Structure formats: structure tokens, C-alpha cells
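One structure is given here, and the rest of the page talks about it.
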Amino acid sequence: MTQPPPEPTTCPILHLDLGPLDLNLLGLHVHLNEVVLNIEAIPGAGNLLGNLLCAIAGLLDGVDLGGILGDLLRNLVDALVRLLEGLGTGGAAARPVTPPT
């Protein structure tokens, strides 16, 4: 007796859960009950889009996005403060800015 092929592993792409929605659009009444949308990519032979989306979805696994974005914002604020201080003092050297913690 042959065994069925194993189920392919899926990669979650999007889970969207919308509650009830009531809209009045210029006299057109739209009522929408709960909507749940799940999109999963299925990798495997011949599944080009599934392979691509699973690869993209796994790119940021283990990356601290909060820390990276925080550092970028801190650097941007520091650069803007130095620019504004330079404009306000006629080009004099600006003092370093320590962001609040």
C-alpha cells in the first residue's frame, strides 16, 4: 500500500480579521459582517509564487525591527538637530545631542 504524499509546509503571509462594518456612502448603505482573510503560500516543485513568497516571508525572521527602526529614527533626529543648530549659529560646530531614554 502506498502512502499519500506529505502535506507541504505553508508560510503564513497575511491574516486579516475585520469585524462588522456599516457604511453609508452618499445614500448607499453597505453592511458587512465579519470577514476573515487568510493567505498562505505553499512552497514546492512548480509552485513559483509559493516559493517566492515563502522566501520573502523568511527574510526578516530573527531580525529586531524595533531596534533597527529606533536606531534609524534616532540617527535622523540627530542629523536634523545638527542641521538646525548649524543654521541657527551661522555654521558653528554643533554640540552632540543625546536622545532621551
Side-chain angles (χ1 to χ4, degrees):
M1 184 166 116
T2 61
Q3 295 181 353
E7 287 288 318
T9 304
T10 61
C11 304
I13 302 299
L14 175 68
H15 175 80
L16 182 62
D17 192 348
L18 297 174
L21 183 65
D22 283 306
L23 297 175
N24 186 352
L25 305 170
L26 301 173
L28 177 66
H29 182 247
V30 178
H31 176 77
L32 182 67
N33 284 327
E34 183 179 11
V35 173
V36 177
L37 174 65
N38 282 314
I39 299 177
E40 296 177 336
I42 302 172
N47 292 351
L48 181 63
L49 190 56
N51 293 334
L52 176 66
L53 291 175
C54 279
I56 291 171
L59 284 177
L60 299 177
D61 288 350
V63 175
D64 178 22
L65 289 178
I68 291 172
L69 290 176
D71 290 342
L72 286 172
L73 286 174
R74 205 169 8 262
N75 291 337
L76 178 63
V77 168
D78 288 346
L80 287 172
V81 167
R82 286 193 302 272
L83 175 69
L84 292 173
E85 285 180 345
L87 291 173
T89 60
R95 62 178 170 79
V97 175
T98 304
T101 55

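These numbers were taken from a predicted model, which means no experiment stands behind them.
Just one of Leu53, Asn51, Leu49 meets the side-chain contact (heavy atoms from CB on, under 4.5 Å) condition when paired with Pro43; it is Asn51.
With Asn47 contributing its side chain and Ile42 its backbone, the two residues share a donor-acceptor pair below 3.5 Å. Although no hydrogens or angles enter the test, the distance criterion places no donor-acceptor pair under 3.5 Å between the side chain of Asp22 and the main chain of Leu32.
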What do the steps show when you test Asp17 against His15 for side chain to side chain donor-acceptor pair (under 3.5 Å), and what is the final call?
CA-CA 7 Å; Asp17 192 348; His15 175 80; 4.5 Å; no
Would you please test Asp78 and Leu80 for side-chain contact (heavy atoms from CB on, under 4.5 Å) and show each step?
CA-CA 5 Å; Asp78 288 346; Leu80 287 172; over 6 Å; no
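In terms of hydrophobic clustering, with Ile, Leu, Val, Met, Phe, Trp and Tyr side chains grouped at heavy-atom distances under 4.5 Å, Leu83 and Leu76 are assigned to different clusters. Under the 4.5 Å side-chain heavy-atom criterion for Ile, Leu, Val, Met, Phe, Trp and Tyr, Leu48 and Ile39 are members of distinct hydrophobic clusters. There is a path of hydrophobic side-chain contacts, each under 4.5 Å, that joins Val35 to Leu23. Hydrophobic clustering, with ILVMFWY side chains joined whenever heavy atoms are under 4.5 angstrom apart, groups Leu16 together with Ile13. Both Leu21 and Val30 belong to a common hydrophobic cluster when Ile, Leu, Val, Met, Phe, Trp and Tyr are linked at side-chain heavy-atom distances under 4.5 angstrom.
Scored by the side chain to side chain donor-acceptor pair (under 3.5 Å) test, Asp71 finds Arg74 as partners (sequence neighbours excluded).
In this structure, NE2 in His31 is found 13.5 Å from CG in Asn24, a value given to the nearest 0.5 Å.
Under the 4.5 Å side-chain criterion, counting only non-hydrogen atoms from C-beta, Ile68 is in contact with Val63. Side-chain contact check for Asn75 versus Leu73: every heavy-atom pair is 4.5 Å or farther apart.
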